[in-house]
Chemist: 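Pasting in a structure now, in structure tokens, and then I'll have a few things to ask.
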Amino acid sequence: MKLRPAAFVSVVCVSAVLLMSSGCSILPESEPATLYRLPSADIQPVTPSSNSLTTRQRLAVAAPQASHLLSSNRIVVYPEGNTVNVYEGARWQENAPDLLQTRLIAGLQQSRLFASVGSDSLPSELLLLSELRHFQSDYVTQPPTVKVQLDIQLVSAQNRTSIATQSFTTSAQASSVTIANVVDAFGSASDELTEQLTAWLADQADAINSSEQK
């Protein structure tokens, strides 16, 4: 017996409904991505000196500005030459700028340079603005080397007057090509950047105190 066109369409539709209701799918299921935190080490408190920052200062740290790709939670890799790619099946647990903001806040809190350190949603006298220029692994070496570059501007939170600017670039080579070891290298490079930033801020006492008097 031949099915008429209308009857054939009805059979197909009923079959599709039965497949969906039974939990079956004709579409391939993608593997869920593994989420990674940014590893971190403790930052030692800065030893007070005659030229150290006054502890009554409160510092707010804004999330870094970044390009479209670096603003995501994809883990960026330069596999060769001018090629830009991302690791498949792996993601940061947050967007990269938010990860780095959290790392900087934690490190600066541990340094005890300021009365308090928090995000830019909290009241403060000082504000740390930045732009994330590099946050990727690069196969310029084997295993790859992670590069982090952050351009910093310290401003008055009240009127956004610039107090000091600096650019920091750090790198760390992964111990192997596995994504877990590459993530560890991201953590090492970010720790070094946080330490450099902390030391730089400790040297800005005169500029900060001068801005207070304006």
Side-chain angles (χ1 to χ4, degrees), residues 31-44 58-79 84-114 116-122 124 126-140 143-155 165-201:
E31 290 290 331
T34 301
L35 300 181
Y36 289 91
R37 297 179 297 172
L38 184 63
S40 63
D42 291 339
I43 302 296
Q44 295 301 315
R58 296 174 297 178
L59 176 68
V61 179
Q65 298 295 311
S67 65
H68 175 71
L69 187 57
L70 291 183
S71 294
S72 71
N73 69 340
R74 304 302 298 267
I75 304 178
V76 181
V77 55
Y78 293 177
V84 179
N85 213 329
V86 294
Y87 286 97
E88 289 297 327
R91 303 282 192 281
W92 296 118
Q93 66 171 0
E94 298 179 279
N95 291 339
D98 298 325
L99 281 178
L100 197 54
Q101 178 194 30
T102 299
R103 180 67 195 102
L104 296 178
I105 289 174
L108 290 169
Q109 286 174 339
Q110 293 168 355
S111 73
R112 300 177 187 173
L113 277 175
F114 302 92
S116 66
V117 180
S119 72
D120 53 341
S121 63
L122 300 175
S124 65
L126 300 170
L127 176 62
L128 196 67
L129 303 175
S130 61
E131 181 178 3
L132 185 59
R133 304 292 296 277
H134 290 280
F135 197 71
Q136 79 278 338
S137 72
D138 192 336
Y139 274 82
V140 67
T145 293
V146 167
K147 179 180 180 180
V148 180
Q149 180 181 344
L150 191 68
D151 295 345
I152 293 287
Q153 184 176 32
L154 181 66
V155 303
T165 60
Q166 186 61 273
S167 181
F168 299 94
T169 302
T170 60
S171 62
Q173 186 174 8
S175 59
S176 78
V177 299
T178 65
I179 184 61
N181 286 329
V182 171
V183 166
D184 286 340
F186 272 100
S188 298
S190 299
D191 284 343
E192 183 181 349
L193 188 144
T194 304
E195 291 176 358
Q196 291 183 11
L197 172 62
T198 300
W200 177 75
L201 285 171

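Note that the numbering runs from 1 along the sequence shown for the chain.
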Chemist: Kindly write out the residues that satisfy side-chain hydrogen bond (donor to acceptor under 3.5 Å, both in side chains) with Q196, not counting sequence neighbours, or none if the list is empty.
Modeler: E192
Chemist: About how many Å separate CG of L201 and CZ of F114, when rounded to the nearest 0.5 Å?
Modeler: 4.5 Å
Chemist: What pair of heavy atoms forms the shortest contact from T194 to G107, and how long is it?
Modeler: CG2-CA, 3.8 Å
Chemist: Does I75 form a side chain to side chain contact (heavy atoms under 4.5 Å, CB included) with F186? I'd like the steps, not just the answer.
Modeler: CA-CA 10 Å; I75 304 178; F186 272 100; 3.9 Å; yes
Chemist: If the condition is side-chain hydrogen bond (donor to acceptor under 3.5 Å, both in side chains), which residues does T145 pass it with, not counting sequence neighbours?
Modeler: T141
Chemist: Just verifying a value: how many Å separate W92 CH2 and T34 OG1, rounded to the nearest 0.5 Å?
Modeler: 12.5 Å
Chemist: Output all residues satisfying salt bridge (Lys or Arg N to Asp or Glu O under 4.0 Å) with D191, sequence neighbours left out; order by chain, then residue number.
Modeler: R103
Chemist: Starting at OG1 of T198, measure out to CZ of R112 and round the result to the nearest 0.5 Å.
Modeler: 13.0 Å
Chemist: Counting distance only, does the side-chain N/O of Q93 pair as donor-acceptor with the main-chain N or O of R37 below 3.5 Å?
Modeler: no
Chemist: For D151, what residues pass the salt bridge (Lys or Arg N to Asp or Glu O under 4.0 Å) criterion, not counting sequence neighbours?
Modeler: R133
Chemist: What's the verdict on side chain to side chain contact (heavy atoms under 4.5 Å, CB included) for Y87 and S137, showing C-alpha distance, side-chain angles and the deciding distance?
Modeler: CA-CA 10 Å; Y87 286 97; S137 72; 2.8 Å; yes
Chemist: In Å, rounded to the nearest 0.5 Å, how long is the span from CD of Q101 to CG of L128?
Modeler: 10.0 Å
Chemist: Ring pair (Phe, Tyr, Trp, His ring centres under 6.0 Å) with F168: which residues, sequence neighbours excluded?
Modeler: W200
Chemist: Determine the minimum heavy-atom distance between S188 and A172, stating which atoms define it.
Modeler: CB-CB, 3.9 Å
Chemist: Checking side chain to side chain contact (heavy atoms under 4.5 Å, CB included) for the pair L154/L59: CA distance, chi angles, key distance, verdict?
Modeler: CA-CA 10 Å; L154 181 66; L59 176 68; 3.9 Å; yes
Chemist: Could you give the distance from OG (S130) to CG (L104), rounded to the nearest 0.5 Å?
Modeler: 7.0 Å
Chemist: With sequence neighbours left out, write down each residue that passes side-chain hydrogen bond (donor to acceptor under 3.5 Å, both in side chains) with Q65, or none if nothing qualifies.
Modeler: none
Chemist: Does S116 use its side chain to pair, donor to acceptor, with the backbone of R58 at less than 3.5 Å?
Modeler: no
